[in-house]
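We name chains A, B, ... by the order of the sequence lines, and we start the count at 1 in each one.
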Amino acid sequence: MAKKREKGKSFPPQWQALWAERLIAWHRVAGRRTLPWHTRDPYRIWLSEVMLQQTQVPTVIPYYERFVATWPTVEALAAAPLEAVLAAWSGLGYYARARNLHRAAQQIVRAWGGTWPRDPDAWAQLPGVGRSTAAAICAFAFGTRAAILDGNVERVLVRLFGIATPLPDTAVKRQLWQIAEALLPESPTAMPEYTQAQMDLGALVCTRGIPNCAYCPVAQWCTAYAVGIAAALPQRKARAPVPEIDWTLRAYRCGTRYWWVQRPNQGIWGGLWALPHADEPPPPGSWQRASSEALPAHRLTHRRLRITIEEWTTPAHLCYDCESSTQGRWATAREALAWGLPRPLAAWAETRAVS
DNA sequence: CAGACGTGGCC
DNA sequence: TGGCCAAGTCT
């Protein structure tokens, strides 16, 4: 609809020169300068960026450390069984990231063969790497002049220009990408620190809720600050109410072992091991319901899960030939915990994991 | 393209 | 408490 750029959303040309300088100077004093993935190794940077999608730094650190200890190179990761990768990822959430990471590792080894492209567009071909992640990887690893637009940058820019449009909004998003690119420093050598500085400004100063404008290096340019509405931005569209789902899962128990099945890749907890739903086929044998237990309600972003676990048992003599199959596996709760279970089931398994 | 996709932290 | 959101991407 060829709308003119709204008033107040263009920036004085002199900012172009000062913006990055100001952010970097601030970052030298107040930024996060020693995170574990602050390296030039593209593999580690890529790994960290994927883990950090929608996930905060303190949550990621232990997972990241375990991953690089287990798989120090992209070749090692590519050679690992997907199941081991999912197990190491369990608890971190958004499990499609782990499946994509593993698939991407194999693509990197096969297609790139040890040379890393410096072009974000090449990275963005990989599963699980979008525009912002690709830009971050290339900026950190190679100094490529590419703009990121994550939640931090979005919040900073929306406040800076006093954009009151409720988000998400496609037109605003497009505009923010343009601004982010226009604000890039000229020098590639500045890119790694500049990119980190933007993220840190959003994470440490221009926070959601009440921002710390008193410590903001660019407050003098900030429209929201000038107008006194920084805390009210960004505006958000109302979200649809979160539906509740009731799941009845079955714990078929044979002695101390339970029957586990792998969840379909599409959907909640995709690829992880879990207890089967009540409507899934039972393992061979005759089973009878023994008990039932309601788990504490579990909140996902888009669902509220109420899980009931029914324990089913079978006469002991039928269990002698309990064998795993392509349908599922027999294992104790303790053994299953090592595969990596979804959070609520891990909590349940803990109570069954006799030492 | 709006909705799916986890978990933990914050107030 | 419950709603909101975090270094987003995929379909």
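Residue-to-nucleotide contacts include no donor-acceptor pair under 3.5 Å from the side chain of Arg239(A) to the base of dA2(B). With hydrogens and angles left out, the side chain of Thr133(A) and the base of dT9(C) share no donor-acceptor pair within 3.5 Å. Residue-to-nucleotide contacts include no donor-acceptor pair under 3.5 Å from the side chain of Thr59(A) to the base of dG9(B).
Of the listed nucleotides (dT7(B), dC5(B), dA6(C)), dC5(B) has the atom at the smallest distance from the side chain of Ile268(A). Checking dA7(C), dA6(C), dG6(B) against every side-chain atom of Arg97(A), the shortest atom distance belongs to dG6(B). When the nucleotides dA6(C), dG6(B), dA7(C) are ranked by their closest atom to the side chain of Asp150(A), dA7(C) comes out on top. Side-chain proximity of His302(A) to the nucleotides dG6(B), dA7(C), dC5(B) is greatest for dC5(B).
Taking atom P on both dG2(C) and dG6(B), the two are 23 Å apart, rounded to the nearest angstrom. Nucleotides dA6(C) and dC1(B) are separated by 22 Å at their C1' atoms, to the nearest Å. Annotation: dC11(B) and dA7(C) have their P atoms spaced 15 Å apart (nearest Å).
The phosphate of dC4(C) (OP1 or OP2) has no side-chain N or O of Arg236(A) nearer than 4.0 angstrom. Between Arg131(A) and dC10(C), a side-chain N or O to OP1/OP2 separation shorter than 4.0 Å is absent. Distances shown here put every side-chain N or O of Gln54(A) at or beyond 4.0 Å from the OP1 or OP2 atom of dA6(C). At the phosphate of dT7(B), OP1 or OP2 sits under 4.0 Å from a side-chain N or O atom of Tyr95(A).
At least one test fails for Arg253(A) against the ring of Trp287(A): distance under 6.0 Å to the centre or angle within 45° of the axis. A cation-pi geometry, defined here as NZ or CZ lying under 6.0 Å from the six-membered ring centre and within 45° of its normal, does not hold between Arg66(A) and Trp89(A).
Within 4.0 Å of Trp89(A), counting heavy atoms only, lies no atom of the nucleic acid at all. Among the protein residues, Thr301(A) comes within range of the nucleic acid bases, having at least one heavy atom under 4.0 Å from a base atom. At the heavy-atom level, Arg299(A) lies under 4.0 Å from base atoms of the strands shown. Using a 4.0 Å heavy-atom criterion, one finds that Glu154(A) contacts no nucleic acid atom at all. Gly267(A) comes within contact range of the sugar-phosphate backbone alone, with a heavy-atom separation under 4.0 Å but no base atom that close. Within the nucleic acid shown, Ala203(A) comes within 4.0 Å of sugar-phosphate atoms alone, with no base atom in reach, counting heavy atoms only. Within 4.0 Å (heavy atoms only), Leu149(A) reaches no atom of the nucleic acid at all. Looking at heavy-atom distances under 4.0 Å, Leu35(A) makes contact with a base. Across all strands, Gly209(A) comes closer than 4.0 Å to no nucleic acid atom at all (heavy-atom distances). Across all strands shown, Val129(A) has heavy atoms under 4.0 Å from sugar-phosphate atoms exclusively, and none from any base. Within the 4.0 angstrom heavy-atom criterion, only backbone atoms of the sugar-phosphate kind lie near Pro127(A); the bases stay farther away. At a threshold of 4.0 angstrom between heavy atoms, the contacts of Arg99(A) with the nucleic acid are absent. Base contact: Arg208(A) has a heavy atom under 4.0 Å from a base atom.
Remark: C1' of dT7(B) and NE2 of His298(A) are 7 Å apart, rounded to the nearest angstrom. In this structure, CG of Leu204(A) is placed 17 Å from P of dG9(B), rounded to the nearest angstrom. Rounded to whole Å, the distance from CG on Asn100(A) to P on dC5(B) is 14 Å. Between the CG atom of Leu300(A) and the P atom of dG8(B) there is a distance of 11 Å, rounded to whole Å. Atom CG of Leu157(A) and atom P of dA7(C) are 13 Å apart (whole Å). Atom-to-atom, CH2 of Trp269(A) to P of dA4(B) comes out at 16 Å; the value is rounded to the nearest Å. For Leu92(A) and dC5(B), the CG to C1' distance is 13 Å, given to the nearest whole Å. Distance CD (Gln125(A)) to P (dT9(C)): 13 Å, rounded to an integer number of Å.
Between Glu181(A) and the options Arg131(A), Arg174(A), Arg145(A), a salt bridge (charged side-chain N to carboxylate O under 4.0 Å, His left out) holds for only Arg131(A).
Both Tyr94(A) and Lys237(A) sit near DNA chain B, but only Lys237(A) has its closest nucleotide nearer the 5' end. Nearest-nucleotide positions on DNA chain B place Thr170(A) closer to the 5' end than the other of Thr170(A) and Gly93(A).
Legend: residues meeting side chain to side chain donor-acceptor pair (under 3.5 Å) with Trp116(A), ordered by chain and number and at least two apart, are absent. Among residues two or more places apart in sequence or in another chain, the ring-ring contact (aromatic ring centres under 6.0 Å, His included) test is passed with Trp247(A) by Trp269(A), His277(A).
Taking the charged nitrogens against the carboxylate oxygens, Arg32(A) and Glu193(A) have no contact shorter than 4.0 Å, which rules out a salt bridge.
Heavy atoms from other residues, nucleotides or ligands lying under 6.0 Å from OH of Tyr225(A) number 12 at most.
A tilted orientation is assigned to the rings of Trp123(A) and Trp46(A), their planes being inclined by 30° to 60°.
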